[in-house]
Amino acid sequence: MNMELPKAYSPKDVEDRLYDWWDKNGYFTPEGQTFLDPNEKPFVITIPPPNVTGTLHMGHALTSAVEDLMTRYHRMKGARTLWVPGTDHAGIATQSVVEKKLAKEGKNRRDMSRSDFLEEVWDWKEYSHQIITKQQKALGISVDWNREAFTMDDKLSHAVRTAFKMLYDKGLIYRDTRMINWDPVQLTGVSDLEVETEEEGEPGKLWFVRYPLQTNRWEGPKHVWGSGQWAEGATQWITVATTRPETILGDSAVMVNPDDDRYRDIIGCRAILPALGRWVPVISDAAVESGFGSGAVKVTPAHDFTDYDVGKRHHLACIEVMDQHARMTAEAGPYEGLDRFECRTRMVADLEKEGLLVKVEDYMVRLGRGQRSGAVIEPRISLQWFCNMQGMGAAAAASVREGRIRIVPERFDKIWFGWLDNIRDWNISRQLWWGHQIPVWYVQEPDSRIPGSEQAPKQYCELTEAEAYAKAIKDWGADVVLKQDPDVLDTWFSSGLWPFSTLGWPNDTADMRAFYPTTHLETGYDIIFFWVARMVMLGLELTGKEPFDTVYLHGLIRTADGKKMSKSRPDKIIDPLELIDTYGTDAVRFFLVTAGTPGNDIKIDAKKAADGKWQSERIEGARNFANKLWNVTRFVLGKLSPESRVPIASQNTRLGTPDSGLADRWIAARSAQVVADVRRLMNDYQYGEAGKIIYDFIWNDFCDWYVELSKLSLNAPLLVRTLDTALRLLHPFMPYVTEELWQKLKEVAAGSEFQVSSFKSAALILAPFPSTEDSALGTRQSALDDMAALQDVIRAIRNARSEYKVEPNKRVAALVQAGARAAMLNDNRAAIESLARVDGLTIAETLPAPPQAMTYALGEVTVYLPMAGLVDLEAEKKRLADELAAIEGQIVKSEALLASDFAKRAPAQVIEKEKAKLAEAKAKRDQLKERLA
RNA sequence: GGGCGGUUAGCUCAGCUGGUUAGAGCGCCUGUUUUACACACAGGAGGUCACAGGUUCGAUCCCUGUACUGCCCACCA
């Protein structure tokens, strides 16, 4: 054999080479497929596009592993398969990464022109894209690189503008001034989803502040704020509780619950605001929870969502005391120019000085923080673009409710409905530079005071500036000047178009016709609202179709202590490439896919070793499995080489006939069973279970038993055939090692009698997934039963040897009373002799029990091991007695069961099983009794 | 305040719409250079399936409740 395989599998010698080979040959493309089953529908996934913010993490590795598994499985099943790769420009996230990078170089975006800054971001995008692509290739994803997309490609940008215009023209997109979440660090509005709150809240204070009330005897302060006498003479007070004393400056009312007896009398009175001395009314509103704090709430319409609504209800003034940086404005009087937190400190000190601070309590404050910046979000009134979601939300909910989209696992249905049924309009504009600039152009300095100007529109939503001009010129004359809206769209707006924008929408492309709607959408459950729901809503609205029929949600990767891998703890973040470097891609992927169940989080047991490398016992186990497969293939290849080849005439090749060897009939039956189970599980999204079944089959059945038995009597064609089946089953889980070994196997078998039909394929990636049809041998129960009995006998003898510490090389004698299995066991005596190291094997239907022997009652079969001089009679007696007691317990239980209503109510099959069990137990009991006697 | 998970061997997790004696990997214990593999082989120990009720001939699985734990959503300042 000129292709000697190394003793251990070395992923590095295989992975890059095979990846390039697959890619180069077009195997990742639907056009490159050679095996197509006309009964299979096309299978299409668009990748969740990673952000071009840097590198991939373990979550991406999981995504890649699962999606590649799905893709390879369907491709091998013969479905026309397309997996579209790409990346996301990730507006805020990328812009902030680049800004941080610039800051390190001492540069600031605000000192640069918009176009200069964007150039920097594009450079970063290229850099990040390279890293990401390298990582994705290392993960082995079988995507069609010819169709790679980026959300800011010309093609996709056109789709974005088209989508915007379609929604705009329908009146679903509108511009409005309202209260939104404002990130004072990134200086942009964000959507509700981008605000994160700590479940427990964050440690803060609840300040109880009293405002003087106007009375007959006190008309207001006579001393200045800060004098310590500001409230001198005041006699009545109302105490409010607040976590944000600085917003007192923007108060325009104090409110209480209308049913609160404590305050009923002062409703309608005026209170005076500390510091500013502004009179505000005491109003009543049901929004107030009497039991909380003091039962009285300050109302700051410009800086709080609830208060904003209250303000509208009660026609209160909206006074902005903070600017976009969250610094105090001129409205804040003496506090103007202070940062909000500094202002808070000063305000509290001043309140205390003036005797207005009643008490302070520790309080867990639920702070909203920007998803990307971590900055405390300020509610702020601002002019933004919104998308009306009412209709689209209802349609998307209906898609799932009416079964046009299936969510796996199902329990996420509720979350889906809960969100969509209460959906609010989506703030889609961002005050950023990196992204899709909003395709709306304004007539310069529109002014409603100019007579007639309201006749012509002052803004134009078009796909291009030229089109906008064409219309504007008609309305305003040739010298009109337009200015494009400076805002960009929320990055999720373009992601929401992904399943169709990548295929060429809005154009009627061949890809749209062939591959849209797509099939599966696979992603982590954490972006179900951000992304999945938006895709469904926009897909329905813009294309009239659900963009996919199945949503498969995987869990999140967590650290060994169960924590999220957050960016704030970089020491906990694992680079998948590091693990791949240590264990190989297949090992990492097999671990990820078999580690859990759909929708459940995966804890990764990785620890840092002394050399600073990440280590994981579970991934090591998967690595060992790859190596096991490698070595068993080495064994098989060795048996096929001309010099060691067993003449075909001397082999038992009559597969599937009753007189072929037990081991052969058994492994064929097991293969068929495993293939059926794996297919069923894969079609039911139980990938982890499928992987474990393949693992067991390869390691336990094939390696530990079949190959061992092959050493006694070789059936090379079946050995090849079984290995081929195993490799094909495992390929979606461990693509590299299986392809490599399959190629070797095919090569060695070339031109020989060891052909199997899958070898017609050029590559394993394109070979047919095993089906139950090609294991035409079917499941032979008798082979499975016989083999189980044989294994029991061998295990019993091994067990005895071990218990009596018989030297490994020493052969022992054994007597087997085998009843109806005598003939079968006799046929396989060589297996017993070899695998259990027996010399002097007697097998008979019945035989007299030998003296001084270990006894193993296996039901129908009893094994005796004469161990003269070795057997400790007392110990043996005790062992048998214990076993007898156990079996008798079982019999009592079983008999009671069969005597109960069970016999009347349980299904016949179950009763039969129970009866058989009882019979076997009784046989065993008799054997034991006899033996003890 | 609503909602959704989880609780099974020392650890990490499976357990397929209720039915033998509840499984795996790792770890642990005993052996082994058996001619593919020590990244291995053989043997073994180890579980009141969180708790309490209920339904059922039968419950790890279904129902109710409790405890602990994780997460999602929500305008109690």
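Since this is a predicted model, take the numbers as computed values, not measurements. Every chain is numbered from 1, with letters handed out A, B, ... down the list of sequences.
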**Item:** Flag for A:Lys298-A:Thr247: side-chain donor and acceptor within less than 3.5 Å
**Value:** yes

**Request:** Assign A:Asp605 to base, sugar-phosphate, or nothing according to its heavy-atom contacts below 4.0 angstrom with the strands shown.
**Result:** nothing

**Message:** Taking any heavy-atom pair under 4.0 Å as a contact, classify A:Thr306: base, sugar-phosphate, or nothing.
**Reply:** base

**Complete:** Its contact letters, B for base, S for sugar-phosphate only and - for none at protein heavy atoms under 4.0 Å, make nucleotides 56-62 of chain B read -B-----

**Request:** Take the protein atom CG of A:Asp421 and the nucleotide atom P of B:G3, then report the distance between them rounded to whole Å.
**Result:** 15 Å

**Message:** Mind checking if A:Arg680 touches a base, just sugar-phosphate, or nothing, with heavy atoms under 4.0 Å?
**Reply:** base

**Base of B:C39 paired with side chain of A:Arg623 (donor-acceptor, under 3.5 Å)** = yes

**Prompt:** Taking the same atom, P, in B:G3 and in B:U8, what whole-Å distance lies between them?
**Reply:** 25 Å

**Prompt:** Using a cut-off of 4.0 Å on non-hydrogen atoms, how would the nucleic acid contact of A:Arg366 be classed: base, sugar-phosphate, or nothing?
**Reply:** base

**Prompt:** Is a side-chain donor-acceptor pair under 3.5 Å present for A:Tyr706 with A:Asp701?
**Reply:** no

**Asked** B:A42 pairs with which nucleotide, Watson-Crick or G-U wobble, both distances below 3.5 Å?
**Response** B:U30

**OP1 or OP2 of B:A74 under 4.0 Å from side-chain N/O of A:Asn422** = no

**Request:** Could you check whether A:Lys628 gets within reach of a base, just the sugar-phosphate, or nothing at all, counting any heavy atom under 4.0 Å?
**Result:** base

**Request:** Among B:U34, B:A42, B:A77, find the nucleotide with the atom closest to the side chain of A:Ala241.
**Result:** B:A77

**Request:** Both distances under 3.5 Å, Watson-Crick or G-U wobble: report the partner of B:G53, or none.
**Result:** B:C63

**Message:** Just by distance, no angles: are the side chains of A:Asp192 and A:Asn181 close enough, under 3.5 Å, to form a donor-acceptor pair?
**Reply:** yes

**Asked** Side-chain donor or acceptor of A:Glu708 under 3.5 Å from a matching atom on the base of B:A42?
**Response** no

**Message:** Any non-hydrogen side-chain atom of A:Arg210 less than 4.5 Å from a side-chain atom of A:Ile238?
**Reply:** no

**Request:** Please measure how far the C1' atom in B:C57 lies from the corresponding atom in B:G15, and state the result in whole Å.
**Result:** 24 Å

**Message:** Can you identify which nucleotide, out of B:G43, B:G15, B:A77, has its nearest atom closest to the A:Tyr363 side chain?
**Reply:** B:A77

**Message:** At 4.0 Å (heavy atoms only), tell me whether A:Val240 reaches a base, stays on the sugar-phosphate, or touches nothing.
**Reply:** nothing

**Request:** Could you tell me whether A:Thr597 contacts a base, only the sugar-phosphate backbone, or nothing, with contacts defined as non-hydrogen atoms closer than 4.0 Å?
**Result:** sugar-phosphate

**Request:** Taking only Lys NZ, Arg NE, NH1 and NH2, and the carboxylate oxygens of Asp or Glu, determine whether A:Asp586 and A:Arg589 approach each other closer than 4.0 Å.
**Result:** no

**Message:** Side chain of A:Arg424, heavy atoms from C-beta onward: which of B:A40, B:C76, B:A74 has the nearest atom to it?
**Reply:** B:A74

**Request:** Measure from NZ or CZ of A:Lys711 to the centre of the six-membered ring of A:Phe635 and say whether it is under 6.0 Å with the direction within 45° of the ring axis.
**Result:** yes

**Fill in**
Among the nucleotides B:C71, B:A36, B:G15, whichever has the atom closest to the side chain of A:Arg558 is B:C71

**Request:** Give A:Tyr685 one of three labels, base, sugar-phosphate or nothing, depending on what nucleic acid heavy atoms sit under 4.0 Å from its own.
**Result:** nothing

**Request:** Just call it for A:Trp416: base, sugar-phosphate, or nothing, with non-hydrogen atoms closer than 4.0 Å on any strand.
**Result:** nothing

**Close side-chain approach of A:Tyr695 and A:Thr594, heavy atoms under 4.5 Å** = no

**Prompt:** Under 4.0 angstrom, heavy atoms only, what part of the nucleic acid is A:Glu620 near: base, sugar-phosphate, or nothing?
**Reply:** nothing

**Request:** Assign each of A:Ala296 and A:Glu803 to its nearest nucleotide of RNA chain B by heavy atoms, then name whichever residue's nucleotide is nearer the 5' end.
**Result:** A:Glu803

**Prompt:** Can you find a donor-acceptor N/O pair under 3.5 angstrom joining the side chain of A:Lys7 to the base of B:A38?
**Reply:** no

**Prompt:** At under 4.0 Å between heavy atoms, what does A:Ala595 touch on the DNA or RNA strands: base, sugar-phosphate, or nothing?
**Reply:** sugar-phosphate

**Request:** State whether a side-chain donor-acceptor pair under 3.5 Å links A:Glu807 with A:Asn809.
**Result:** no

**Request:** Answer with base, sugar-phosphate or nothing: what part of the nucleic acid does A:Asn809 contact at a heavy-atom distance below 4.0 Å?
**Result:** nothing

**Request:** Determine the contact category for A:Phe305: base if any of its heavy atoms lies under 4.0 Å from a base atom, sugar-phosphate if only primed atoms, P, OP1 or OP2 are that close, otherwise nothing.
**Result:** nothing

**Asked** How are the rings of A:Phe625 and A:Trp699 set to each other: parallel, tilted or perpendicular (split at 30° and 60°)?
**Response** parallel

